[in-house]
2 protein chains.
Amino acid sequence: MGRWEPNARGRLEEAAMNLFQERGYDRTTVEEIAARAGLTERTFFRYFADKREVLFWGAGELRKLIVSTIVEAPEETSPLDAVAAALEATAPVFKERREYARARQALIVAHTDLRERELIKLAGLASAAADALRGRGVTEPAASLTAEAGIAVFKVAFERWVGDPKSQDLSRHIRTTLDELKAVTASTGTSTANPRQPAKRAKAPRR
Amino acid sequence: MGRWEPNARGRLEEAAMNLFQERGYDRTTVEEIAARAGLTERTFFRYFADKREVLFWGAGELRKLIVSTIVEAPEETSPLDAVAAALEATAPVFKERREYARARQALIVAHTDLRERELIKLAGLASAAADALRGRGVTEPAASLTAEAGIAVFKVAFERWVGDPKSQDLSRHIRTTLDELKAVTASTGTSTANPRQPAKRAKAPRR
DNA sequence: TCCTTGATGTCAGCTACTGACATCACCTTC
DNA sequence: GAAGGTGATGTCAGTAGCTGACATCAAGGA
């Protein structure tokens, strides 16, 4: 556990996850995390901007993946389909670490602090996706709206994937959730006109 | 400035806003806010759970308004229309305090901390709206999706309202943004099938 | 007048986070 | 292979957000 052991970041990340699960997120101090990784508190903060960030480090990679998928989508692909493809492209990342993702999600839903951080990361993904769409010539506000709608789909789909005992693929959840969104937004007339029809209840695919 | 002046909460809120604008959010300490309101730091934390919360206190009222609007919507109203109506119902709240809303928004966009808090408040509104929809018999995942989509619309519409030099009504922005969302989600086939048509670019209403 | 109650103050303390500076392992260069 | 440079780490002191425990004070009722 000498001063120059390799992979300090990884050690910190692992120590943090272990401690969070053993004693809970807020009963774990940064000093303890660092100690378990054989480092000092000060060094922890050189790798992670704050205590929460140790759980959200991966977002940068997701962002790149999403942006590149949108950028490289065939020109004829509609904005919403491009975003959907980008979200689906992230599925393998989670599939490989399903148990980690599940444990992490359990921590997040239990702690408001962490939920805040997750939401701003998702918002960051939405904004990156909107940028990429604008790069394809999509104008505002369609770009932002499409990106935000995509993220809304992702949120719901991800929750269902995490809780899905059958472990269906995340991209399947994304596709069905997107279809649900389309159904929900298509079920009435223009909002500026009076709705002409009684609510058509969306058929929920079994949960 | 005696110990028992009335409206401690209001004084704290006002002192905070003033100081944030004078010297910036993070160069203002809670102690300073309390001092300007003629109180102590400890008392500040009895009214607000944390420093950020002083800017988000109103969310509880918004939540009630949104929920009651959804609950009281005519039975035939579609879920999305009910949510849209609920969002529009909040417009007067902001209209009365347009300048305050603008100043507050400027602070929020400039500080990541505050953006995080705003996002979790919006997520809270979405979840309350989803509850209300379920109370109307809407099943999952349609309820969550409709609520999330509504919040996405609100985010975009609110940004545009804040930046709109013509000061059009917020509810107008909400309606047009909702129409944009419908256009965006309607422009392609089902995501489970291959998109049959080249992207139909959404017509962006002049910005 | 006394007593209860609720709002406020005081104080001590923890923890997240930061700036400044020292130290150490390793690598290059002569 | 000694000297010096470089980047990662440690040390230390300090600030600010936030909390628990307890004291104090104003107001209203018995």
Side-chain angles (χ1 to χ4, degrees), chain A residues 1-57 107-108 110-118 120-121, chain B residues 1-57 107-108 110-118 120-121:
Chain A
M1 221 160 303
R3 201 175 181 177
W4 261 252
E5 295 294 318
N7 193 23
R9 171 174 243 123
R11 274 148 58 210
L12 287 167
E13 197 178 351
E14 197 186 335
M17 258 311 255
N18 290 338
L19 281 166
F20 291 164
Q21 294 192 283
E22 288 170 22
R23 358 198 341 188
Y25 174 76
D26 31 54
R27 265 164 308 183
T28 303
T29 72
V30 173
E31 197 177 359
E32 290 167 333
I33 298 171
R36 179 165 298 194
L39 295 165
T40 61
E41 193 191 19
R42 193 64 183 87
T43 298
F44 178 96
F45 286 113
R46 288 198 178 99
Y47 284 98
F48 303 102
D50 56 53
K51 181 181 173 184
R52 294 177 270 169
E53 198 63 15
V54 72
L55 286 170
F56 293 91
W57 177 51
L107 281 172
I108 291 174
H111 295 275
T112 307
D113 298 18
L114 297 176
R115 279 196 32 85
E116 287 189 342
R117 180 55 51 85
E118 186 187 39
I120 206 171
K121 292 288 180 182
Chain B
M1 220 159 304
R3 200 174 182 178
W4 261 251
E5 295 295 318
N7 194 22
R9 170 173 243 122
R11 275 150 55 212
L12 286 167
E13 196 177 351
E14 197 185 336
M17 258 311 257
N18 291 338
L19 281 166
F20 291 165
Q21 294 191 282
E22 288 170 23
R23 355 191 352 184
Y25 174 76
D26 29 56
R27 266 164 308 185
T28 303
T29 72
V30 173
E31 197 178 359
E32 290 168 334
I33 297 170
R36 179 166 298 193
L39 296 165
T40 61
E41 191 190 20
R42 192 65 183 85
T43 298
F44 177 95
F45 286 112
R46 289 198 177 97
Y47 284 99
F48 304 102
D50 57 51
K51 181 181 172 185
R52 295 177 271 171
E53 199 62 16
V54 72
L55 285 170
F56 294 91
W57 176 50
L107 281 172
I108 291 174
H111 295 275
T112 308
D113 299 18
L114 298 175
R115 279 195 33 86
E116 286 189 342
R117 179 55 50 88
E118 187 187 37
I120 206 171
K121 292 290 180 182

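Only heavy atoms go into these numbers, but all of them, side chains included; no hydrogens, no water, no symmetry mates. A note on names: the letters A, B, ... follow the listed sequences, proteins ahead of strands, and every chain is numbered from 1.
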query = Are there more than 12 heavy atoms of other residues, nucleotides or ligands under 6.0 Å from atom CZ of Arg9(B)?
reply = yes
ask   = Over how many whole Å does the gap from Arg23(B) atom CZ to dA16(D) atom P extend?
value = 10 Å
task = Take the protein atom CG of Leu39(B) and the nucleotide atom C1' of dA7(C), then report the distance between them rounded to whole Å.
result = 10 Å
Acceptor/donor pairs from residues 38-46 of chain A side chains to any protein atom, 3.5 angstrom cut, sequence neighbours excluded:
from, atom 1, to, atom 2, distance (Å)
Thr40(A), OG1, Thr43(A), OG1, 3.4

note = note: Ile33(B), atom CD1; dA16(D), atom C1'; distance rounded to Å ~ 12 Å
inquiry  = Is there a side-chain contact between Tyr47(B) and the phosphate of dT8(C), meaning an N or O under 4.0 Å from OP1 or OP2?
reply    = yes
query = Which letters describe nucleotides 10-17 of chain C, given B = protein heavy atom under 4.0 Å from base, S = only from sugar-phosphate, - = neither?
reply = B-----SB
message = With salt bridge (charged side-chain N to carboxylate O under 4.0 Å, His left out) as the rule and sequence neighbours excluded, what pairs involving residues 18-31 of chain A come up?
response = Glu22(A)-Arg36(A), Arg23(A)-Glu32(A)
key: Residues that Glu14(A) engages under side-chain hydrogen bond (donor to acceptor under 3.5 Å, both in side chains), provided they are two or more places apart   = none
request  = Round to a whole Å and report the spacing from CG of Asn7(A) to C1' of dA8(D).
outcome  = 14 Å
d(CZ, Phe48(A); C1', dT9(D)) in whole Å = 15 Å
key: Qualifying residues under side-chain hydrogen bond (donor to acceptor under 3.5 Å, both in side chains), relative to Asn18(A), sequence neighbours excluded   = none
Residues in side-chain hydrogen bond (donor to acceptor under 3.5 Å, both in side chains) contact with Arg52(A), at least two apart in sequence or another chain = Glu116(B)
